[in-house]
Q: 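Here it is: the structure, laid out below.
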2 protein chains.
Amino acid sequence: MNKILVVDDDRELRTTLAEVLEQEGLPAVSAQSADDALNQLQQESFDLILLDLVMPGTDGMSAIPLIRKLAPRSRIIVMTAYASVQNAVQALQQGADDYIVKPFKIDAFMLTVRLNLQKTRFCEETEAADLDKIFNGLANGLRRQTLQLLSRQGQMRFMDLVRALEIEDHTKVNFHLKVLRESGFIDQTPNKLYELTTNGQRAATCLSYICKSLEA
Amino acid sequence: MNKILVVDDDRELRTTLAEVLEQEGLPAVSAQSADDALNQLQQESFDLILLDLVMPGTDGMSAIPLIRKLAPRSRIIVMTAYASVQNAVQALQQGADDYIVKPFKIDAFMLTVRLNLQKTRFCEETEAADLDKIFNGLANGLRRQTLQLLSRQGQMRFMDLVRALEIEDHTKVNFHLKVLRESGFIDQTPNKLYELTTNGQRAATCLSYICKSLEA
DNA sequence: ATCCCTTGTGAAGTTTTCTTCACAGGCTGA
DNA sequence: TCAGCCTGTGAAGAAAACTTCACAAGGGAT
């Protein structure tokens with residue numbers, strides 16, 4: 001788990017970084033060029049790839065899409081001299097996930113590494129378990145209306161909701177409320193009022209955002 | 001456009017930062033405490049909020065969810081002393097979007113600011129065609145992975161896609177590709193390469209937007 | 001030519017999601 | 001107390017979504 005690939009033409013830097021990572025219990029492999037890195041990637045996979053932008057041979061920037069092709073799931077952190085905002089933006093647009101400004105302190109470096117590993121873990125968990133429920137929750141028109149209503153009104157009683165939605169059969173609404181509850185978008189106060197959970201608020205925000213851009 | 005709120009109890013730092021931002025053509029307002037910031041947010045909205053974690057009164061960490069409530073679409077960057085990885089991770093989990101390690105150089109600071117503004121702009125580009133179609137397209141894990149893959153890779157051949165998805169039965173992938181095609185998310189080049197349509201790119205953006213807001 | 005990989009199609013079957021209906025306990029106001 | 005509304009549950013059927021299987025045309029390499 002948590003394998004890391006360090007790509008830098010500066011021998012001293014890349015070995016230092018690899019050592020630091022190993023000391024922190026993170027298995028690290030180093031590569032001296034983009035091509036070297038691409039070879040490594042064909043043989044094994046890494047969770048994190050630290051990539052220098054300025055290198056002889058294939059440079060880091062052009063390597064990003066190639067790396068992405070071989071390792072679509074890895075996180076790519078580019079290491080950039082802080083002169084160039086432009087460069088860093090471009091790298092992210094090419095498919096990098098994060099950047100770290102050179103020269104950096106080891107602490108800052110480890111912070112970036114840890115946070116990005118954290119994100120890979122989170123992505124994996126979310127991807128498997130929750131996202132299905134979440135998108136399933138939003139995939140239905142009635143449920144979307146419900147979220148928007150609750151977002152506007154705060155709390156609502158069941159039958160008020162049914163009437164606001166203009167649905168004749170209240171059990172149909174009930175069904176969808178159950179789905180929303182199981183998706184973690186809504187819950188009920190002790191006195192039976194329905195309200196959005198934190199996740200539900202996020203979903204509603206996202207929805208209103210999308211709707212707004214539709215109107216424009 | 002691009003309004004920024006600087007929240008720090010250190011008077012000198014926050015005025016310095018605000019001045020630097022103004023010099024770069026970015027309108028900045030400063031707040032001396034979390035409560036002060038929350039008041040500001042009730043009156044006007046900001047694209048970016050720079051938030052110190054350590055402050056007297058309501059501390060930055062507990063302020064994050066409150067800020068999120070008032071400004072769900074702003075980007076929050078926490079400023080953290082680089083001692084504590086734990087803190088930064090926690091801040092991101094609370095709903096922050098990025099972090100910058102104190103002390104920082106002005107160049108590194110501006111880089112972070114610029115990149116995050118870039119990201120807000122990217123989010124705003126999203127325009128949806130049809131909500132049902134989009135959410136239905138996104139309601140399936142395989143289709144989400146496909147969109148993300150194509151978003152990263154640009155164009156892919158069928159079997160490469162199948163292998164990247166690690167699905168044994170290619171006809172299953174075919175089914176979902178058909179759904180995506182019928183939803184108008186992908187199409188095929190004359191030489192059979194699959195690629196995202198404009199709508200597909202929007203959907204992929206929407207997807208990453210939702211994922212990001214869920215990460216918080 | 002032959003073999004194998006690519007890129008499909010279509011139908012049948014399975015699973016999930018959605019709708020409808022029958023029913024029921026609790027509370028409220030007359 | 002009784003009628004009537006509120007807030008549900010559960011089962012059954014319909015519809016949609018998804019998976020699996022059988023098969024096949026075309027292209028490329030040996």
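Below, read A as the first sequence line, B as the second, and so on, with proteins coming before strands; counting in each chain starts at 1.
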Q: Rounded off to whole Å, could you give me the CZ-to-P distance for the B:Phe158 and D:dG26 pair?
A: 18 Å
Q: Got a donor-acceptor contact below 3.5 angstrom from the A:Lys192 side chain to the A:Arg157 backbone?
A: no
Q: May I ask you to verify if any side-chain N or O of B:Tyr194 is less than 4.0 angstrom from the OP1 or OP2 atom of C:dG8?
A: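 Answer is yes, contact under 4.0 Å.
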Q: Can any side-chain N or O of A:Thr197 pair as donor or acceptor with the backbone N or O of A:Asp187 at less than 3.5 Å?
A: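 Flag not set: sc A:Thr197 to bb A:Asp187 has no pair under 3.5 Å.
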Q: Taking for each residue the nucleotide of DNA chain C with the nearest heavy atom, is it B:Arg163 or B:Lys178 whose nucleotide lies nearer the 5' end?
A: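 Nearest nucleotide further toward 5': that of B:Arg163.
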Q: Under 4.0 Å between a side-chain N or O of B:Gln188 and OP1 or OP2 of C:dT7?
A: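 Checking B:Gln188 against C:dT7: no side-chain N or O falls below 4.0 Å of OP1 or OP2.
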Q: For the pair made of CD1 in A:Ile186 and P in D:dG8, what is the distance, rounded to whole Å?
A: 10 Å
Q: Between P on C:dA24 and CG on A:Asn174, what's the gap in Å once rounded to a whole number?
A: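 So the two atoms are 17 Å apart, to the nearest Å.
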Q: Within the pair B:Arg143 and D:dA17, is there a side-chain N or O less than 4.0 Å away from OP1 or OP2?
A: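 So the side-chain polar atoms of B:Arg143 never come under 4.0 Å of the phosphate oxygens OP1 or OP2 of D:dA17.
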Q: Closest approach to the side chain of A:His176, judged atom by atom: which nucleotide of C:dT7, C:dC21, C:dT19 is it?
A: C:dT19
Q: Considering only NZ, NE, NH1 and NH2 on the basic side and carboxylate oxygens on the acidic side, decide whether A:Asp52 and A:Lys102 come within less than 4.0 Å.
A: yes
Q: Measure CZ/A:Arg181 against C1'/D:dT7 and give the value in whole Å, please.
A: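 Spelled out: CZ on A:Arg181 to C1' on D:dT7 is 11 Å.
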Q: If you find the nucleotide of DNA chain C closest to A:Val179 and the one closest to B:Met159, which residue's nucleotide is nearer the 5' end?
A: B:Met159
Q: Would you say C:dT17 has OP1 or OP2 under 4.0 Å from some side-chain N or O of A:Asn140?
A: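 The answer is no; no side-chain N or O of A:Asn140 sits under 4.0 Å from OP1 or OP2.
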Q: Output the rounded distance in Å from NZ (B:Lys192) to P (C:dT6).
A: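 Atom NZ in B:Lys192 sits about 14 Å away from atom P in C:dT6.
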Q: CG of A:Asn191 versus C1' of D:dC6: gap in Å, rounded?
A: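 Rounded to the whole Å, the gap is 14 Å.
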Q: May I ask you to decide if the ring planes of A:Phe104 and A:Phe109 are parallel, tilted or perpendicular, using 30° and 60° as cut-offs?
A: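 A:Phe104 vs A:Phe109 ring planes: parallel.
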Q: Please classify the nucleic acid contact of A:His170 as base, sugar-phosphate, or nothing, using heavy-atom distances under 4.0 Å.
A: base
Q: Looking at A:Asn136, does any N or O in its side chain come under 4.0 Å of the phosphate oxygens OP1/OP2 on C:dT17?
A: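 Affirmative; the distance criterion is met.
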Q: Looking only at side-chain N and O atoms, does A:Asp35 offer a donor or acceptor that is under 3.5 Å from a partner on A:Ser33?
A: no
Q: Just how far, in rounded Å, is P of C:dG10 from CG of B:Leu177?
A: 16 Å
Q: Would you mind telling me which of C:dT17, D:dT7, D:dC18 lies closest to the side-chain atoms of A:Phe175?
A: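 Output: C:dT17.
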Q: Is the shortest side-chain N/O distance from B:Lys172 to OP1 or OP2 of D:dT19 below 4.0 Å?
A: yes
Q: Could you tell me how far apart A:Arg144 (CZ) and C:dC18 (P) are, to the nearest whole angstrom?
A: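 Answer to the nearest Å: 11 Å.
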Q: Looking at the side chain of B:Thr171, which of D:dA22, D:dT7, D:dT9 is the nearest nucleotide?
A: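 Of the candidates, D:dA22 comes closest.
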